[in-house]
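The structure appears right after this line, and notes come after that.
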2 protein chains.
Amino acid sequence: MLKPSDEKYLRAIYQISQSENTGKSTISELAYYLELKPPTVLERLKILEQEKYITYTKTDGIHLTRSGQKQALNVVRKHRIWETFLHKVCKFSWSEVHELAEQLQTVNSEKLIDRIFMLSGEPKFDPHGDPIPDKSGTLPASERRPLLNSIEGCRCTVLGVNEDSAEFLNYLSELKIGLNEKLVVEKIFAFDGTLKVRFKNAETALLSSKVAEKIMVSCTKPGCLCGK
Amino acid sequence: MLKPSDEKYLRAIYQISQSENTGKSTISELAYYLELKPPTVLERLKILEQEKYITYTKTDGIHLTRSGQKQALNVVRKHRIWETFLHKVCKFSWSEVHELAEQLQTVNSEKLIDRIFMLSGEPKFDPHGDPIPDKSGTLPASERRPLLNSIEGCRCTVLGVNEDSAEFLNYLSELKIGLNEKLVVEKIFAFDGTLKVRFKNAETALLSSKVAEKIMVSCTKPGCLCGK
DNA sequence: ACAAAAAGTTAGGTATACCTAATATATTTA
DNA sequence: TAAATATATTAGGTATACCTAACTTTTTGT
Ligand SMILES: [Mn+2]
Ligand SMILES: [Mn+2]
Ligand SMILES: [Mn+2]
Ligand SMILES: [Mn+2]
């Protein structure tokens, strides 16, 4: 049985590997993500390596083994189910659920996860639009891509975000960007990559490339070239 | 803010003080209850004493201070609300909820407790019949007493139990004793205090004094002398 | 009242999970 | 390519939460 702290590490490694296109993570990234210092992380990685959940070499970085991947997906499942439950059933806001789910995900009962998943209506995606793995670790398909990869004219639906910090999520509220929001990419300013988007209600907003990179969307304009 | 482990100690001290009629607890009782060794407990008590949650002297045992009592009641509140939620909303059985609630009670969010309390229908008693303190620490009134204190002829309703071990709760299921069950004390055998009780459906059971001591009831026979 | 048993206490030890400071190794960048 | 910078590693330290073994004090039974 995994310790709560193992679960944190494996989920973090999984998340970082996902957001990087390299599929790996490094000690300093992990340390930053977990709010720990590099020596602490290194020490722990050695144990996770002994336990065969990861491989680590300086040159190749940190990779999940098959077994580690399976464990990580299970933690991700628990985390996202709790987030969904908190949002749908307990009526917490989009930006409150992550922190609470971090605490709740440590509770050790598959039966409990099953029940709260049922109570939440067994959805495929969490309140941030992230896919919920099934028990075998399979993720439901989606055509998510960063809003940043848009071309002018894209009609997108906001599926989720790639960052969980309250700071970021509150900023999105400020910008009036919410889950399942539809928006049109009206203009892209080549100078710094800023996007001008228009909402359903005809209001517009300017999004920096830093923000647009973290907003995950699917394009709904038929025949759009954004996905190449 | 209390550490999870402080909360465990304070709840344990509260529970023991309640079940003893002396209103205090001792190191070895606590150690037994928490499944720890006496030196571990002693070490911790010194810290809890420094933090002004308890007083401890060898002669007088362990007492909660006013502040400790307040904290303890809050933990009890969280614990019993989780138990209620697990039973009523998640459909866990009477005997499963305690262990899970021990894990869940450590989660730190008053708002979450409020929400799940609401989802459970804001009841006054938990699935074991124990009263749920309100936010100020006030317990709803009830005339609970151990079944053991009965006299022959008592008509009782089972309100709860004084022990949470799965072993005990499963034994009760075996004996067909459940919450809100009505029973009549038909005979008390002076030799060892064993009680013969009769259920609504006319079946009977023999309960050892050890079991009867832990079953909490209220007597519903008008003018019964059991309560003196 | 005294021996035996129980409860409490002290001393010293382990494992975990974190840290800082110093050093070594890679990677940038001028 | 050499210096500057970033990243990884080693060494050694702290706090917490547990333990056993040995000793002391208190309670209990005869
Ligand atoms: Mn999250
Ligand atoms: Mn999420
Ligand atoms: Mn309980
Ligand atoms: Mn209970």
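Excluded from the calculations below are hydrogen atoms, water molecules and symmetry mates; all remaining heavy atoms, backbone and side chain alike, are included. Order of the sequence lines fixes the chain letters, A, B, ..., with proteins taken first and strands second; residue numbering starts at 1 for each chain.
- Atoms CD1 (Ile47(B)) and C1' (dA17(D)) sit 9 Å apart, rounded to a whole Å.
- Summarising the geometry, the separation between CG on Asp60(B) and P on dT27(D) is reported as 12 Å, rounded to the nearest angstrom.
- Across the protein-nucleic acid pair, Ile27(A) atom CD1 and dT10(D) atom P stand 10 Å apart, rounded to whole Å.
- Checked against Pro133(A) for a side chain to side chain contact (heavy atoms under 4.5 Å, CB included), the options Leu73(A), Thr138(A), Ile81(A), Val75(A) give a single hit: Leu73(A).
- Comparing dA17(C), dT9(C), dA17(D) against the side chain of Pro38(B) picks out dT9(C) as the nearest.
- Rounded to an integer number of Å, the gap from Ile62(B) CD1 to dA7(C) P is 13 Å.
- No more than 12 heavy atoms of other residues, nucleotides or ligands sit less than 6.0 Å from atom OH of Tyr32(A).
- In this structure, a donor-acceptor pair under 3.5 Å is absent between the side chains of Arg115(A) and Ser109(A).
- Closest to the side chain of Leu36(B), from the set dC18(D), dT9(C), dA8(D), is dC18(D).
- There is no side-chain donor-acceptor pair under 3.5 Å between Glu102(B) and His79(B).
- dA7(C) atom C1' lies 13 Å from atom CG of Leu30(B), rounded to whole Å.
- Rounded to whole Å, the distance from CG on Leu45(A) to P on dT7(D) is 16 Å.
- Close to dC19(C), at under 4.0 Å from its OP1 or OP2, lies a side-chain N or O of Thr40(A).
- Look at Ser28(A) and you'll find a side-chain N or O under 4.0 angstrom from OP1 or OP2 of dA8(D).
- Using a 4.0 Å heavy-atom criterion, one finds that Thr59(B) contacts no nucleic acid atom at all.
- Put simply, Lys46(A) has no side-chain N or O that comes within less than 4.0 Å of OP1 or OP2 on dT16(C).
- Lys3(B) places its NZ atom 15 Å from the P atom of dC18(C), with the value rounded to the nearest Å.
- With 3.5 Å as the limit, one finds no donor-acceptor pair spanning the side chains of Glu43(B) and Thr40(B).
- Distances from the side chain of Pro39(A) to the nucleotides dA17(D), dT20(C), dT9(C) place dT20(C) closest.
- Within the structure, a side-chain polar atom (N or O) of Tyr56(B) is placed less than 4.0 Å from OP1 or OP2 of dT9(C).
- Here the nucleotide nearest the side chain of Lys58(B), chosen from dT25(D), dA8(D), dA11(D), is dT25(D).
- If you check dC18(D), dG8(C), dA8(D) against the side chain of Tyr9(B), the one that comes closest is dC18(D).
- Between Leu42(B) atom CG and dC18(D) atom C1' the separation is 14 Å, expressed in whole Å.
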